[in-house]
Structures are given as structure tokens and as C-alpha cells.
Amino acid sequence: MSYQALLTKAVNGNIPFSVLLELTYRCNLDCYYCYNDRTNGGRSLSVAQYVSLFADLRELATMNLTFSGGEPLAHPHFFTLGARARALGFVIRVKSNGHRLNGRLARRLLNEVDPFVVEISLHGASAATHERQTQVAGSFGRLLTNLEQMQALGLRVQLNSTLTAWNETEMEAMSALAERIALPLRWNVQITPRDNGDRAPLDIAASPQAISRLRGLLEQRRGTETTIDLDPPPPWGKYCGAGASGLTVDPWGNVYPCVQWRVPAGNLHRENVRDIWERSPVLQSVRVRTEALAATVKARTAEATKEWFCPALVETGGGEERLL
């Protein structure tokens with residue numbers, strides 16, 4: 001069965017195919033558009049609770065585990081958790097800013113976790129632009145050095161870039177940079193408010209003209225780079241996989257339908273993920289919502305469905321609905 005067929009089965013059958021774990025909100029960069037609320041707090045999940053979570057997710061047929069943050073490598077037990085998850089057979093993805101992933105730490109990541117891919121954030125094609133977004137001087141040069149060392153070790157690396165008003169003039173140069181260092185580049189155009197309600201990140205959202213230019217650029221380079229999630233979702237029974245094929249867990253055990261849909265469906269300090277997955281009214285409501293949206297899309301013309309939007313951002317006040 002193909003990966004797409006597995007994902008379709010998961011979305012339509014409510015199987016948590018992919019789970020994103022926000023291990024910590026600590027970070028050695030201070031990216032302007034980051035949605036994390038670093039003033040937030042709570043009781044962090046223990047290693048034992050993560051191990052129990054992994055066991056439950058394995059029973060629920062989860063395939064992909066993504067370690068994120070903040071900076072996931074800032075979690076004091078990152079390598080213990082990563083190695084445990086890998087031993088259980090999960091496909092491991094690590095979302096990192098790459099700032100600490102020098103030769104020594106990158107070698108440890110390869111030897112102890114051996115992730116399927118390490119996703120590294122690229123914010124610009126120049127130090128001025130990249131560091132305007134990270135708000136840390138020297139972060140661009142350090143990133144390029146670390147990328148070279150990761151590649152030399154044999155780590156599988158992918159670049160992730162969020163298109164913003166600050167870097168939209170460099171999209172072609174960023175694409176050329178990725179091609180020059182032989183790394184795939186995946187784009188995102190969604191910027192969200194911070195979890196504390198601060199909408200300042202939306203001030204640097206990319207212009208519609210830039211998003212259109214990006215579409216054209218990706219079409220020109222199709223086959224040489226990964227594609228962007230700008231196209232309509234596949235013809236699933238739901239508009240997206242929020243709460244149907246995936247979940248997000250924050251550092252304090254709150255479980256969300258997805259990383260954008262920040263409405264808690266339960267908390268792992270009080271109940272296990274199996275009960276949350278099967279009984280949460282929040283997840284049931286999200287699934288009904290996305291099923292209704294899928295039906296609406298199918299009733300529109302193919303041209304109309306190109307105006308894709310994120311329902312999570314609409315529900316939480318961080319986006320615009322363009323289909324209804």
C-alpha cells in the first residue's frame with residue numbers, strides 16, 4: 001500500500017497516523033513569528049509518561065512521531081525519548097532550528113535516534129534576512145556550517161521555510177541556496193497568532209502577490225524540490241486530517257487536534273491518549289467540521305477548490321475562510 005493510501009485510510013478511519021510532540025518551548029533562537037507562548041507553563045510530562053504515551057500510540061497504529069518545540073534538542077531527555085521511540089519502530093522526524101546541531105551533536109543524533117529526516121528552518125538567503133527573523137546574530141553562518149556537517153555525517157536533512165513579508169523578496173535566492181547545497185526545501189505560507197493571543201506575527205504575513213509568485217516558482221522547479229501545501233487537500237472524506245489522522249501534544253500534556261487547532265481535547269496528566277482519541281468531544285466536533293468542509297469542497301468546481309484555507313486558523317481566529 002502506498003504512503004498516500006495509508007494516509008487516506010487514516011484520515012477516513014480516524015487513525016492517529018502522525019503525532020507531533022512539542023517537547024519544550026525553550027529555544028536558543030527567538031524567531032519573530034513563532035507561535036509559542038514562552039510565558040506559559042505547567043507540569044511537564046515525565047519520561048515515564050512519554051514512554052507510556054509511545055506504547056499507547058503504537059497500539060493506536062501511529063506511524064510517524066515528530067519531535068518539535070521550541071527547540072526539541074533543548075529538552076533534557078531528548079535523546080532518551082528519541083531512542084525509545086526509534087526502538088519501538090516509529091518513523092522519527094525532528095524539527096530543529098539547527099543552531100546546536102554541530103558535528104558532535106549531529107553525530108549523536110544519528111547514532112542514538114537515526115531520524116528519518118531532520119527538518120531545519122531556513123529564514124532567508126542572507127544573514128540580514130535570516131537573522132532579522134531569528135533575532136540572533138550569527139545564526140545564519142552557524143546554520144550553514146552545521147548543515148554541511150550534518151550532510152557529511154549522512155543525516156537526512158530537509159529545509160523548511162515560512163514565507164513572510166521579510167523574506168518574500170529572497171524566495172528565488174532561498175530556492176537557489178537549497179539547490180546549491182543539495183537539500184530539499186519545503187515552503188509554508190501560514191503564520192499564526194501566538195498562543196497567548198498576540199497577533200503581532202500576522203503583521204509579517206506574506207503578500208498575496210508573493211504567494212502567487214511562489215506558486216510559479218515551485219511549478220518551474222517541480223521535480224527538483226519538495227512541493228508546498230498550497231494545493232487543495234486530497235479527496236479524503238474530511239477536508240484535512242486534524243483530529244482524524246494526527247494530534248499535537250504540548251510540553252504539559254495538553255492534546256490538540258493539530259498544531260494550529262489549539263483547543264485542548266484532553267490532558268495526559270488526567271487520562272491516556274487512547275481515551276482522548278476515542279471519547280473527546282473536541283475531536284469528535286473537529287471531525288464533523290472537517291467532514292462538512294470536505295462535502296462543501298466536492299460541491300465546488302475544481303477551480304474554486306484552489307482557494308485552500310486552514311480551518312483550524314479560522315476556528316481559532318488566525319485565518320480567513322475562503323470557500324464558504
Side-chain angles (χ1 to χ4, degrees), residues 22-39 66-76 78-79 93-110 115 117-153 155-192 194-195 198 200-206 210 225-226 251 259:
E22 298 174 329
L23 296 181
T24 178
Y25 286 164
R26 286 177 293 195
C27 191
N28 45 8
L29 300 183
D30 189 22
C31 299
Y32 182 80
Y33 64 77
C34 181
Y35 67 85
N36 291 161
D37 177 8
R38 296 193 190 182
T39 65
T66 299
F67 292 103
S68 182
E71 171 52 51
L73 278 85
H75 189 281
F78 169 82
F79 286 101
R93 298 171 182 268
V94 177
K95 288 181 176 288
S96 172
N97 59 42
H99 197 65
R100 291 185 57 212
L101 274 171
N102 54 24
R104 181 189 63 81
L105 200 62
R107 185 177 294 106
R108 190 178 177 193
L109 179 61
L110 176 63
V117 67
V118 185
E119 301 182 20
I120 303 293
S121 300
L122 176 69
H123 299 280
S126 65
T129 300
H130 183 91
E131 293 168 13
R132 184 181 186 188
Q133 293 195 172
T134 65
Q135 303 188 90
V136 173
S139 57
F140 183 67
R142 187 166 181 175
L143 173 63
L144 295 182
T145 297
N146 289 351
L147 287 173
E148 182 178 353
Q149 294 181 10
M150 281 186 269
Q151 289 177 285
L153 286 169
L155 278 165
R156 293 171 289 273
V157 180
Q158 170 186 304
L159 298 175
N160 289 345
S161 293
T162 297
L163 191 68
T164 71
W166 291 350
N167 67 22
E168 62 183 40
T169 60
E170 292 188 358
M171 70 172 76
E172 292 85 0
M174 292 166 71
S175 182
L177 171 61
E179 189 170 335
R180 186 168 66 252
I181 61 178
L183 288 176
L185 171 61
R186 188 173 186 86
W187 290 90
N188 173 46
V189 297
Q190 295 171 357
I191 293 180
T192 66
R194 298 190 178 101
D195 286 347
D198 182 2
L202 301 180
D203 294 340
I204 65 166
E225 297 178 318
T226 52
V259 70

For this session: Give, for atom CZ of Arg107 and atom CD of Gln149, the distance between the pair rounded to the nearest 0.5 Å.
Result: 8.5 Å
Exercise. So do the side chains of Phe79 and Leu109 get within less than 4.5 Å of each other, counting heavy atoms only?
Worked result: yes
Exercise. Any idea which heavy atoms bring Ala182 and Gln151 closest together, and the distance?
Worked result: O-NE2, 3.9 Å
Seminar exercise, completed: Taking every heavy atom of Glu131 against every heavy atom of Gly141, the minimum-distance pair comes out as OE2-N, 4.4 Å
Exercise. Do Glu22 and Pro251 come within less than 4.5 Å of each other through their side chains, counting heavy atoms only?
Worked result: yes
Exercise. Hey, does Ile120 have a side-chain heavy atom less than 4.5 Å from the side chain of Leu183?
Worked result: no
Exercise. Is Glu170 reaching over with its side chain to a backbone N or O of Ala125, donor-acceptor style, under 3.5 angstrom?
Worked result: yes
Exercise. Is there a donor-acceptor pair closer than 3.5 Å between any side-chain N or O of Glu71 and the backbone N or O of Arg26?
Worked result: no
Exercise. So, Glu168 side chain and Leu163 main chain: donor-acceptor pair closer than 3.5 Å or not?
Worked result: no
For this session: Give a yes or no answer on whether the side chain of Ser121 reaches the backbone of Asn97 with a donor-acceptor pair at less than 3.5 Å.
Result: no
Exercise. Between Ala205 and Ala165, what is the shortest heavy-atom contact and its length?
Worked result: O-CB, 3.7 Å
Exercise. Under a 4.5 Å cut-off applied to non-hydrogen side-chain atoms, are Glu148 and Ile181 in contact?
Worked result: no
Seminar exercise, completed: In this structure, OG1 of Thr164 is separated from CD of Gln133 (nearest 0.5 Å) by 3.5 Å
For this session: Indicate yes or no for a side-chain donor-acceptor contact from Asn167 to the backbone of Gly124 under 3.5 Å, with no hydrogens or angles considered.
Result: no
Exercise. How many angstroms lie between CG in Leu177 and CD in Glu172, if you round to the nearest 0.5 Å?
Worked result: 13.5 Å
Problem set entry | Verdict with reasoning, Phe67 to His75, per side chain to side chain contact (heavy atoms under 4.5 Å, CB included) | CA-CA 10 Å; Phe67 292 103; His75 189 281; over 6 Å; no
Exercise. Just wondering, do Val94 and Phe78 contact through their side chains at under 4.5 Å, heavy atoms?
Worked result: yes
For this session: Check for a donor-acceptor pair, side chain of Gln135 on one end and backbone N or O of Asp30 on the other, with a separation under 3.5 Å.
Result: yes
For this session: Could you tell me whether a side-chain N or O of Asn146 sits under 3.5 Å from a main-chain N or O of Gly98, the two making a donor and an acceptor?
Result: yes
Exercise. Roughly how far, to the nearest 0.5 Å, is CG of Asn102 from CZ of Arg108?
Worked result: 12.0 Å
Exercise. From Ile191 CD1 over to Ile204 CD1, what is the distance, rounded to the nearest 0.5 angstrom?
Worked result: 4.5 Å
Problem set entry | Contacts of type salt bridge (Lys or Arg N to Asp or Glu O under 4.0 Å), residue Asp198, not counting sequence neighbours | Arg194
Problem set entry | Closest heavy-atom pair and its distance - Leu155, Val118 | CD2-CG2, 4.3 Å
For this session: Measure the shortest side-chain to side-chain distance between Leu122 and Phe140 over non-hydrogen atoms and say whether it is less than 4.5 angstrom.
Result: yes
Problem set entry | Backbone of Gly70 reached by a side-chain donor or acceptor of Asn36 within 3.5 Å | yes
Problem set entry | Student check: side-chain heavy atoms of Arg142 and Thr145 closer than 4.5 Å | no
Exercise. Can you tell if the side chain of Leu101 reaches within under 4.5 Å of the side chain of Leu73, non-hydrogen atoms only?
Worked result: yes
For this session: Identify the two heavy atoms, one from Val117 and one from Val157, that lie closest to each other, and give their separation to 0.1 Å.
Result: CG2-C, 4.2 Å
For this session: Starting at CD of Gln158, measure out to OG of Ser161 and round the result to the nearest 0.5 Å.
Result: 10.0 Å
For this session: Kindly determine whether His123 and Trp166 satisfy side chain to side chain contact (heavy atoms under 4.5 Å, CB included), including the steps that lead there.
Result: CA-CA 9 Å; His123 299 280; Trp166 291 350; over 6 Å; no
Exercise. Can you name the closest pair of heavy atoms from Leu29 and Ser139 and give their distance?
Worked result: CD2-CB, 4.1 Å
For this session: Quick one: list whatever passes salt bridge (Lys or Arg N to Asp or Glu O under 4.0 Å) with Arg100, sequence neighbours left out.
Result: none
